[in-house]
Protein chains: 2
Amino acid sequence: MFDQLKKSRPKLQEHWGKYANYYHRLEVPAKTVLLNEGDISKKAYYIEKGCIRVWFNNKGKDVTFQFFFEQESVSSLESFKKSIPSQVTLETIEPSVLYWIHKKDHDNMMKELNAIPEVREQLSDILLDRQINYMTHFMSFIKDTPKERYVNLLKEKPHIIKRIPQHYIASYLGITSVSLSRIRNAVSK
Amino acid sequence: MFDQLKKSRPKLQEHWGKYANYYHRLEVPAKTVLLNEGDISKKAYYIEKGCIRVWFNNKGKDVTFQFFFEQESVSSLESFKKSIPSQVTLETIEPSVLYWIHKKDHDNMMKELNAIPEVREQLSDILLDRQINYMTHFMSFIKDTPKERYVNLLKEKPHIIKRIPQHYIASYLGITSVSLSRIRNAVSK
DNA sequence: TAGATTTATTAACAATTGTTATCGTGGCCC
DNA sequence: GGGCCACGATAACAATTGTTAATAAATCTA
């Protein structure tokens, strides 16, 4: 299950591996809702195969917030950690193979893992990296135009453009699918 | 120095207080640059009085990313923690009274603080809250129009609008000062 | 205090994006 | 296979924002 992790962070995998029995395999079709906006999250997911879209409802339209792929962990962070209603919905885009862990087990696991200094450091490194990615993505929203954001996405994360339906990408870029279609047309010339 | 913290998180203050001698008082005028974009951060700041603007250069224009006020800690997170060039500049807006801590001391302090389970939990709570704030702010960028963002800011953080020059607020909202001026005109009617 | 600089408002025009609607294609389910 | 639905492209028009420039007001500084 954590084979990929083994390569990048062997020390973490060594300890994390002990908790493999906390995780439950789950196979679901495309467009399966894993958590509804407004509900309180009790599960975190690890993606073995497939992808998940995080989105929320804005005045009747859905707005995509993030995409997650293989070997990534996904949850509605604030809801899962603080047991408050989720601001977002989690939904698969493709048929997916997931592993989920219950909050109770996760809390227990984290408590034990955090007690080990070297593991604690690696875990907080992961959190930090996530926050930096977040910030970088956010900065591009402030400084770039929609066209620039599309061109950047095409350059830096082509797998997203290849794999995700276009109207999801449009809302991820903060524009309508009509506008994205125009931009694609302009870029290709 | 940490009087305010004492009220909100007494347990944390009790332990953090021991490191007060790591912090150095610094009094600076308005528009003092504390860290330049591209430099590697070696200091983190705590604001006793005044406010700090975090911004970056985008094609010759400065774009404001965040504001920080009294009783908040500020650093270029990714630069300070990973010793990489900063993506942002830190600059005071008003004459300010700050306390700074050297990275070396900070690392040492955090190592010791994180070894105490209850303190570690509070520290990670603070990080989590910051990340949630971040996300909420980001979501408003995706879903709201500039006018809505201004109205929200007016409602939820009026202290920012009262205290910060308008052209900084404009770039914080992702628009030009001309556009903000028009929006203010329209809203007031 | 006087001059210089910074900050905010407004106008006119250009450029971009949103809205609504239509059309065509391709995939999927019964 | 037929019909339905999801998806993407395009057009026409409305609305919003950016750009540039001129001006006024406020603030800083010598």
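In what follows, every chain begins at residue 1, and chains take the letters A, B, ... in the order their sequences are listed.
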Output yes when at least one side-chain N/O atom of [X] is less than 4.0 Å from OP1 or OP2 of [N], else no.
| X | N | value |
| --- | --- | --- |
| B/Lys31 | D/dT27 | no |
| B/Asn185 | C/dT9 | no |
| B/Lys59 | D/dT19 | no |
| A/Arg184 | D/dA9 | yes |
| A/Gln166 | D/dA9 | yes |
| A/Thr176 | C/dT17 | no |
| A/His167 | D/dG8 | yes |

**Sole candidate of A/Phe80, A/Tyr45, A/Tyr46 that passes ring-ring contact (aromatic ring centres under 6.0 Å, His included) when paired with A/His106** =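 It is A/Phe80, the one option of A/Phe80, A/Tyr45, A/Tyr46 that forms the ring-ring contact (aromatic ring centres under 6.0 Å, His included) with A/His106.
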**Quiz item: A/Arg182 side-chain donor-acceptor pair to D/dG8 base, under 3.5 Å** =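 Checked by distance alone, the answer is no.
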Quickly work out the [X] [atom1] to [N] [atom2] distance and round it to whole Å.
| X | N | atom1 | atom2 | result |
| --- | --- | --- | --- | --- |
| B/Ile93 | D/dT27 | CD1 | P | 16 Å |
| A/Glu91 | D/dA6 | CD | C1' | 14 Å |
| B/Ile183 | C/dT9 | CD1 | C1' | 14 Å |
| B/Asp144 | D/dT16 | CG | P | 15 Å |
| B/Ile164 | C/dT7 | CD1 | C1' | 14 Å |
| B/Ile169 | C/dT7 | CD1 | P | 12 Å |
| A/Ile175 | D/dG8 | CD1 | C1' | 13 Å |
| B/Ile142 | C/dG18 | CD1 | C1' | 17 Å |

**Complete:** Whichever of A/Ser177 and B/Lys61 has the more 5' nearest nucleotide on DNA chain D, that residue is A/Ser177
**Message:** What's B/Ser179 touching, base or sugar-phosphate or nothing? Going by heavy atoms closer than 4.0 Å.
**Reply:** sugar-phosphate
**Item:** Pairwise 5' ranking along DNA chain C for A/Pro146 and A/Val178, keeping only the more 5' one
**Value:** A/Pro146
**Prompt:** Angle class for the A/Tyr134/B/Tyr134 ring planes (parallel below 30°, perpendicular above 60°, tilted otherwise)?
**Reply:**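 Aromatic pair A/Tyr134/B/Tyr134 classed tilted.
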**Request:** Return the orientation label for the A/Phe69 and A/Phe67 ring planes: parallel under 30°, perpendicular over 60°, tilted otherwise.
**Result:** tilted
**Request:** Report yes or no: do B/Tyr19 and B/Asp105 form a side-chain donor-acceptor pair below 3.5 Å?
**Result:** no
**Message:** I'd like to know if the side chain of B/Arg149 pairs up with that of B/Ser140 as donor and acceptor (distance under 3.5 Å, no hydrogens or angles considered).
**Reply:** no
